[in-house]
Every structure is written in structure tokens, then in C-alpha cells.
Amino acid sequence: MAPAVPIADRNRGALLTALLQQIAWLDPPPDAVHVYGDACTDGTQERVRRDFPSVRLLEGSEPRGSIFGRDKILRAADAEILLSL
């Protein structure tokens, strides 16, 4: 079983895009990639939905921080192993 990858992000769309592109090259690929968009205002969530449709996107309407985002992902993920980046 491959791990799932949780990523908490806030307004770092270009860096997140580069990271998701690198994750796509992994062999074996992760079972799932989860992104928590922490009230992003730079179009990050729209970019993930458009360019990475297989990514499981969770969104927050108010900035809560990366720890909150990781917790949301951990509660939503169904993988036995998570590799946090």
C-alpha cells in the first residue's frame, strides 16, 4: 500500500503546483493526494480543481493555519499511512 500525501497550503499556488507536478512523477504513486486550501485568495483552489482533478481538495473559508489544515486532512483521509509535506 502506498501512502497518501496531505498538504496544507495558503496562497502559495505556484509552489503548490510545482509540488503536485513532482508528486505526479512518483513511482509508485501515492494512493491519494489531499490538499487543504486555507482560505486562499490567490486562486490556489481553482488551480487545483482545474489542473489536478484527482487531488482531494478541502477548503476553509477563514484562515486557520497549517496545523488545523493537516488535522482536517487526517480526519478525512482513509489511508493507513500519510506522508506529510
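Predicted model, so just to flag it, every value in this text is computed and none were measured. All residue numbers refer to positions in the sequence shown, counting from 1.
Under the 3.5 Å distance criterion, with hydrogens and angles disregarded, no donor-acceptor pair is assigned to the side chains of Asp38 and Ser66.
Asn11 places a side-chain N or O within donor-acceptor distance of the main-chain N or O of Thr41, the cut-off being under 3.5 Å.
Hydrophobic clustering, with ILVMFWY side chains joined whenever heavy atoms are under 4.5 angstrom apart, keeps Leu15 apart from Leu26.
Using a 4.0 Å cut-off between charged side-chain N and carboxylate O, Arg49 and Glu59 make a salt bridge. A salt bridge between Asp71 and Arg64 is absent, with no side-chain N of the basic residue lying under 4.0 Å from a carboxylate O of the acidic one.
Within a 6.0 Å sphere centred on CZ of Arg75, heavy atoms belonging to other residues, nucleotides or ligands number 12 at most.
Contact check for Val35 versus Leu16: side-chain heavy atoms found under the 4.5 Å cut-off. Here the side chains of Gln45 and Leu57 are in contact, with some heavy-atom distance below 4.5 Å. Considering only heavy atoms from C-beta on, Ile23 comes within 4.5 Å of Ile7 through its side chain.
A pairwise comparison of heavy atoms in Ala39 and Pro63 identifies CB-N, 3.4 Å as the closest pair. Nearest approach of Ala76 to Leu58, heavy atoms of both residues: CB-CD1, 4.1 Å. When all heavy atoms of Cys40 and Arg10 are compared, the closest pair comes out as SG-CA, 3.7 Å. Ile73 and His34 make their closest contact through CG2-CB, 3.4 Å (heavy atoms, listed as atom of the first residue, atom of the second, distance). Smallest separation of non-hydrogen atoms from Arg47 and Thr17: CD-OG1, 2.8 Å. For Leu82 against Pro6, the heavy-atom pair with the smallest separation is CD2-CG, 3.9 Å.
We find the CD-CG distance between Gln22 and Leu19 to be 8.0 Å, quoted to the nearest 0.5 Å.
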